[in-house]
Structures are given as structure tokens and as C-alpha cells.
Amino acid sequence: MASVSIQGVRKSYGDVHIIRGVDVDIRDGEFVTLVGPSGCGKSTLLRMVAGLEDISEGQIHIGPKVVNDMPPKDRDIAMVFQSYALYPHMTVQENMAFSLKMKGAPQAEIAPKVDRAARILDLGHLLDRYPRQLSGGQRQRVAMGRAIVRDPQVFLFDEPLSNLDAKLRVQMRTEIKALHQRLKTTVIYVTHDQVEAMTMADKIVVLNDGVVQQVGSPLEVYDHPANQFVAGFIGSPAMNFLKGRLRADGLALDERHVLPCPGAPAARIGAELVYGVRPEHFRFDDAGFEAKVEVVEPTGSETQVMASAAGQAITAVFRERVGARPGEIIRLAVDEGHAHLFDPATGRPV
Ligand code: ADP
Ligand code: MG
């Protein structure tokens, strides 16, 4: 196991700047997810840690060593990709043993390591099969087996579950998390899926456009987003953003729709601001503001209500069942302490 420290790291292709000054410290044994929209630079950053891309500027440490100029094979890391890239002509056993064999490890060392990985991943009964004889989930497990046998200092995962169907993805998510709890090896896990990032991580790093937006525990990032980008990216359905003007009595969407925001700085009265509220923080309240119901979607465990207020769209989620019908006017209030105000020019909290 080892810590990983990314300091002032930049990556450019010519004058295109992909990673624009990233600092992240990952503790020994920590499970860190790196999340952000497609194209924001997640794979590039991970590949720099792996040694598959040059670092244009900055330093990466694995443990005490600077690895900038160290070839991938000497970094003591194991990487699992979205495409499992198993060798089709090799059995599960041979696939898992391959890297150790290439290193020239003796059979007496290889066999117990493969056995251990197979036991951990419940692959014991599949060792003689070929990849084409496996399901997607089993192939993914073999890919992880190949990483485990190397007993690396750090696991690097790049969207390893993206090719699996939704149900299997959830199951594998739990398996990977359990695996980490057992092995306690440092993990950097890249995903564009914020639910995956939230559920698996000790610590989330939110990346956008090559810049770290926020680092924190899943709930810190959810409850206290550092900016409007993070607020909108983390959480599903996404946070509502309503535009209005700050008055003494709250944020006015128009004359008739005023959302209380206690604690808003008096200095900003008169300013155009963005009011952020998560769908689950609305409640029905006769003293609330009026909204017109557009669509009601019951999922069984909860009900999603799409509505509009002063011409702006609102998504609300209720744990209880909702009788409201399209076209009906409802009154909504926002739970105390759950309003976020953002400056639309900077995206920063107000
Ligand atoms: P992510 O994994 O977050 O989807 P990537 O790290 O793969 O994003 O890519 C980030 C950006 O870098 C993308 O805009 C991509 O087109 C660009 N990029 C990646 N590799 C190269 C390359 N070899 N040359 C030029 N641009 C690249
Ligand atoms: Mg990628």
C-alpha cells in the first residue's frame, strides 16, 4: 500500500491544456473516486499516475518516490480498464497468471497468488474457462483478478463497470467496495457516474475541464458543494437552480414567487442570484409558493413531481405518495437550512 500525491500537475498537447494544475493527496489505503463529465481529463490524469502519459508539469509521488520519470512497470500499480482486454486464447487461470509469468516469477509463487485472487473473487470454479465462456460480470472479475495477483501498492480503475448492465453494475460496485475493505489497498477509481462515485468513495475528487472543483467526503460534497458546477453535477435528480432577485424577504422569481432565504447577505439585496435546492428538500406547505404541476412520476418508493414556478422548471421528490395531477396548482416550501445561493457570474456560493 502507498499514498499518492499529485502536486501542481499539468498536461498539455501542444497548446491544448487538458489538465490545468491539479493537486490531490491520497492517503495510504484510501478509496478515492475521480468523477467528472466525459472529456474533463479523468483518464488523462489516471494515465499519468500509471505512467502511460508524460507529465507536462508538476510531480506525482507514489509512496515516498517521485515517479515522473519511472516506467509503468516499476511503479507497483495495477490498472483495470473499461474494456477488460483479457487474452482470448488463455484460460482464466492463465490470464491471471500472465503478468507474474512475464516477470519471471516461479510457478511456486504464481499458483498461490492466483488461487488467493480466485478465492477472493469467487472465480475458483471458472479457472479453466476461456473469456468467451464467461458473462460480462465474470470477465470483469477476471480483469480484477489480474490486478490482485500483482499485489500492487495502488489499484487504478478507469470506468471498469461502464460496459455492464445496470443491475450488474450495482452488484460489482458493492463487490469492489468489499474487496477494498478486505485488501485495504489504495484505490483511485475514475467514473463519470456520480452515484458510483458517491457510493464507493472515502473521498471524492470532482474534476471539470482539467481543474479540481472540490475534494471531500461524499456527504461533504453533497451537502456543501463548493460551487454551482459541483452542486449540479453531484446528486440525482439534479439540484434545481432558480433564477431570481434577492429582496429582504427572500429570492423573488417574480412578484408572486418569493423563496425565503434566511442568512442571505443583506449586502447582496437587489442582486440577481441563483437559488439551488435539491429535489428532496421541497415539502408541501400551505404557506409556500405556488407551482403548477406538469408531470407526476411514481416509482413506488417515491414520487417525482415536475412543476413550474414563474416559468422556471422544478423537480421535486417526495417519499410519500402524491395525489397531485398535471395542471393542478400546489404550494411548496423548502426545508429549513437546505437552500443554496450562488452568484451566477462566478458560480461561487453567496
Ligand atoms: P475523460 O476520461 O474525463 O473522459 P480524457 O482524459 O480521456 O477525458 O480526455 C480529456 C481531453 O483530452 C479530451 O478533450 C480529449 O479529447 C483530450 N485528449 C486525450 N488524449 C489526447 C491526445 N493524445 N491528444 C490530444 N488530445 C487528447
Ligand atoms: Mg475516460
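No hydrogens, no waters, no symmetry mates; every other heavy atom, side chains included, goes into these values. Indexing begins at 1, ligand by ligand and atom by atom, following the structure's order.
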Below 2.8 Å, can you find an N, O or S atom of S43 next to the Mg ion (ligand 2)? yes
When the ring planes of F284 and F318 are compared, do they come out parallel, tilted or perpendicular, using 30° and 60° as the limits? parallel
Please state whether S38 comes within less than 4.0 angstrom of ligand 1, counting heavy atoms only. yes
In this structure, atom 14 (O) of ligand 1 is nearest to the protein heavy atom G39 O, 3.9 Å
Can you tell me if Q213 and N208 form a side-chain donor-acceptor pair at under 3.5 Å? no
Would you kindly say whether S38 and H192 are connected by a side-chain donor-acceptor distance under 3.5 Å? no
For atom 4 (O) of ligand 1, is the nearest protein heavy atom closer than 4.0 Å? yes
Quick check on the hydrophobic clustering: are M48 and V154 connected, directly or via other members, by side-chain heavy-atom contacts under 4.5 Å? yes
Pairwise ring-ring contact (aromatic ring centres under 6.0 Å, His included) hits with a residue in residues 95-115, at least two apart: Y87-F98
For atom 21 (C) of ligand 1, the protein heavy atom that lies nearest, with its residue and separation: Y13 CE1, 3.3 Å
Counting heavy atoms only, which of G41, G14, S43 comes nearest to atom 2 (O) of ligand 1? S43
Check step by step if salt bridge (Lys or Arg N to Asp or Glu O under 4.0 Å) holds for D249 and R247. CA-CA 5 Å; D249 57 342; R247 311 196 312 201; 2.9 Å; yes
Could you tell me how the ring of F241 sits relative to the ring of F342: parallel (under 30°), tilted (30 to 60°) or perpendicular (over 60°)? perpendicular
Determine, considering heavy atoms only, which of L46, I19, T44 sits nearest to atom 9 (O) of ligand 1. T44
Out of T191, L45, V190, I18, indicate the one that has the non-hydrogen atom closest to atom 17 (C) of ligand 1. I18
For atom 11 (C) of ligand 1, is there a protein heavy atom at a distance under 4.0 Å? yes
